[in-house]
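In what follows, a single structure is set out as structure tokens and then discussed.
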Number of protein chains: 2
Amino acid sequence: MAALGVLDMASDRPVFQQIADQLRASISSGSIAAGERLPSEAVLMRHHGVARMTVRQALGVLKAEGLVVAEHGRGVFVRPRPVMRRLGSDRFARRHRRRGRAAFEADAKAAGQRPTVDQLHITRQRPPVDVAKVLGVGPDEEVLVRDRRYLLDGHPVELAVSYVPLDVAEGTPIRDPDSGPGGIYARMEDAGFTFRRFHEDVTARMPSPEETRRLDLPPGVPVLTLRRSAVEAGNRVLEVCDTVMAAHSFVLSYDLPAK
Amino acid sequence: MAALGVLDMASDRPVFQQIADQLRASISSGSIAAGERLPSEAVLMRHHGVARMTVRQALGVLKAEGLVVAEHGRGVFVRPRPVMRRLGSDRFARRHRRRGRAAFEADAKAAGQRPTVDQLHITRQRPPVDVAKVLGVGPDEEVLVRDRRYLLDGHPVELAVSYVPLDVAEGTPIRDPDSGPGGIYARMEDAGFTFRRFHEDVTARMPSPEETRRLDLPPGVPVLTLRRSAVEAGNRVLEVCDTVMAAHSFVLSYDLPAK
DNA sequence: CAGTGGTCTAGACCACGCG
DNA sequence: GCGTGGTCTAGACCACTGG
């Protein structure tokens, strides 16, 4: 088996890296398929004649790369390729809201998955300073904060926090846990607001421990972060939404007209 | 110092996690500022009365999160916040090409940085199967492949591989190392092609060892991957470009019209 | 040179899963 | 009960940085 090759003791490359290299090659060549178990630590120790810590260091490299996942008492497994979810750049199209579908719901339904929301908390708080700036509210002004978690088929995939100025939220059911069909954008349109455009800033980083917990992330999976601003016809920002997604569950998809 | 708190031996939380937690808190509270050195392994061992491997495991957690970087012989440092580069969704606007600027060049100049390209390889190859599908070429058909690395002020920030059908490349300088002012999109327009739109799929993951090397990535930094398809008026895909970026150096920025 | 992190050994006890 | 990975100890030698 390719995963159990020989070490080059003359090489400068550390032993644990050589072991990681061989295992990685076996994974990418498919000789250890997705979902399959790697040789156990004991087997790797005996085969290469090294200490356990050395083997564990090699496995640590692969975990950090997100290639494998350890399961206590069972073994170390090649991470199965997860189902990707695609966020189309038309997911904020008015027609979805007219049909009573919020963006997340529309995407999930399109992929044949069951969308749910939990950990919903609606509060009044002072937003982070950068959010206040975008919303054009004072540094000490409170806004409506909707914090929630999205799940697909029961698995958490996305955290989102929306910030809405109080005067925009006023007189709408945005403050209610159930914002109704089409989501809060639909409610804003009901109240007479018109959206001109949405702006999204995308970046990626490793998750915080709290994000790891709430998204049930395996080690080695980064998060995609997305900050969306919903801009009104008069160029006022009606909402800022900070989203954190498990990167292995998402593809963000954008169309850019060649103007 | 907050970084040198006390351990709760009664806690279920492993000792190395507790040490990592305390250091993380010190970093995010700013009591150890960006660029500053953490207490050395020896200090942490003495203070907490634990073995070296335990301290190293704690530091390993923070490295994996991308919060700190170890420098051999010097110490472990809080990772300084890197300069972010913003890719706007108008970066493929025709006006840039008319002014002789390719997308990367236009972005870099706007940020006051010096853009360069190296490791440029132009070959004819069979593309990956998924690329062939998008380009609408046969599975065994060769295409023109432009592989290159982009640098800002001498630091590598982005890897890109373009795939262009041979008949599109024919009669254009796309096959030359220097594609001329405005980049290969400008050359395609010179040859009479018209772009209707660009499509981008964005995702994130941990880098491969080769990407780590070519982008000179510190540990714990994920990559953003972007696959762009350039679509002609007749809906033919003229080019597929796979881009890999160091996530801590980029913000991708998109405008979505609220149609 | 002393101090730092990088690698590696050879053990120990524990918690989990599965039969 | 046995094999698995998770945590931890107490050392060792090395390579790099800086004064």
Side-chain angles (χ1 to χ4, degrees), chain A residues 3-4 6-23 32 35-64 66-79 209 212-213 218-220, chain B residues 3-4 6-23 32 35-64 67-79 209 212 218-220:
Chain A
L4 295 173
V6 293
L7 301 181
D8 176 6
M9 287 313 181
S11 164
D12 278 349
R13 192 150 179 85
V15 169
F16 79 93
Q17 286 287 7
Q18 292 188 45
I19 297 176
D21 291 344
Q22 292 176 6
L23 291 169
I32 310 180
E36 272 185 20
R37 223 196 72 182
L38 270 60
S40 76
E41 294 179 357
V43 168
L44 291 169
M45 285 168 64
R46 279 197 300 275
H47 178 86
H48 291 117
V50 297
R52 186 172 171 215
M53 283 307 296
T54 306
V55 167
R56 283 184 62 76
Q57 207 173 349
L59 294 172
V61 171
L62 302 181
K63 287 180 209 170
L67 290 177
V68 303
V69 186
E71 295 186 31
H72 199 164
R74 303 214 319 128
V76 178
F77 298 83
V78 178
R79 191 198 299 277
T212 299
R213 182 178 54 75
Chain B
L4 294 173
V6 293
L7 301 180
D8 176 7
M9 288 314 181
S11 164
D12 279 349
R13 193 149 178 86
V15 169
F16 80 93
Q17 286 286 8
Q18 292 188 44
I19 297 176
D21 291 344
Q22 292 177 6
L23 292 169
I32 310 180
E36 271 185 20
R37 220 196 75 183
L38 270 59
S40 76
E41 294 179 356
V43 167
L44 290 169
M45 285 167 66
R46 277 197 301 276
H47 177 87
H48 291 116
V50 296
R52 187 172 171 215
M53 282 307 296
T54 306
V55 167
R56 283 183 63 75
Q57 206 174 349
L59 294 172
V61 171
L62 302 181
K63 287 180 209 170
L67 290 177
V68 303
V69 187
E71 296 186 32
H72 198 165
R74 302 216 320 128
V76 179
F77 298 82
V78 178
R79 191 199 298 280
T212 299

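Keep in mind the model is a prediction, meaning the values are calculated, not measured. Numbered from 1 within each chain, the chains take letters A, B, ... in sequence-line order.
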Quiz prompt | Considering all heavy atoms, the nearest A:Ala20-A:Leu62 contact | solution = O-CD2, 3.8 Å
Practice problem: Please report how far the helix from C:dC1-D:dG18 to C:dC18-D:dG1 bends, comparing the axis fitted to its first five pairs with the axis fitted to its last five, to the nearest 10 degrees. | Solution: 10°
Anything under 3.5 Å between a protein N or O and an N or O of nucleotides 17-19 of chain C, put it in a table, one pair a line.
residue : atom : partner : partner atom : Å
C:dC18  : OP1  : A:Arg74 : NE           : 3.2
C:dC18  : OP1  : A:Arg74 : NH1          : 3.2

Practice problem: Tell me, please, which residues at least two apart from B:Asp8 pass side-chain contact (heavy atoms from CB on, under 4.5 Å). | Solution: B:Ala10, B:Ser11, B:Gln18
Quiz item: Which residues pass the side chain to side chain donor-acceptor pair (under 3.5 Å) test with A:Glu71, sequence neighbours left out?
Solution: A:Arg74
Quiz item: Taking CG from B:Leu44 and C1' from C:dT4, how many angstroms apart are they, rounded to a whole number?
Solution: 13 Å
Quiz item: Does some side-chain heavy atom of B:Arg37 sit less than 4.5 Å from a side-chain heavy atom of B:Ile32?
Solution: no
Quiz item: Rounded to whole angstrom units, what separation is found between the CD atom of A:Glu41 and the P atom of C:dC14?
Solution: 18 Å
Practice problem: Give the first and the last nucleotide of DNA chain D, reading 5' to 3', that has any atom under 4.0 Å from a heavy atom of chain B. | Solution: D:dT7 to D:dG18
Quiz item: Looking at side-chain heavy atoms only, is the closest gap between B:Leu59 and B:Leu23 below 4.5 Å?
Solution: yes
Quiz item: Taking the side chain as C-beta and beyond, is there a heavy-atom pair between A:Val78 and A:Leu67 under 4.5 Å?
Solution: no
Quiz item: If you look at every heavy atom in A:Arg79 and A:Pro219, which pair is closest and at what distance?
Solution: NH2-O, 2.8 Å
Practice problem: Could you note down all residue pairs passing side-chain hydrogen bond (donor to acceptor under 3.5 Å, both in side chains) where residues 53-63 of chain A supplies at least one of them, sequence neighbours left out? | Solution: A:Glu41-A:Arg56
Exercise. Return each pair, listed once, that meets salt bridge (charged side-chain N to carboxylate O under 4.0 Å, His left out) where at least one residue sits in residues 13-22 of chain A; pairs must be two or more places apart or across chains.
Key: A:Arg13-A:Asp21, A:Asp21-A:Arg24
Quiz item: With a 4.5 Å limit on heavy-atom distance, are the side chains of A:Ile19 and A:His48 in contact?
Solution: yes
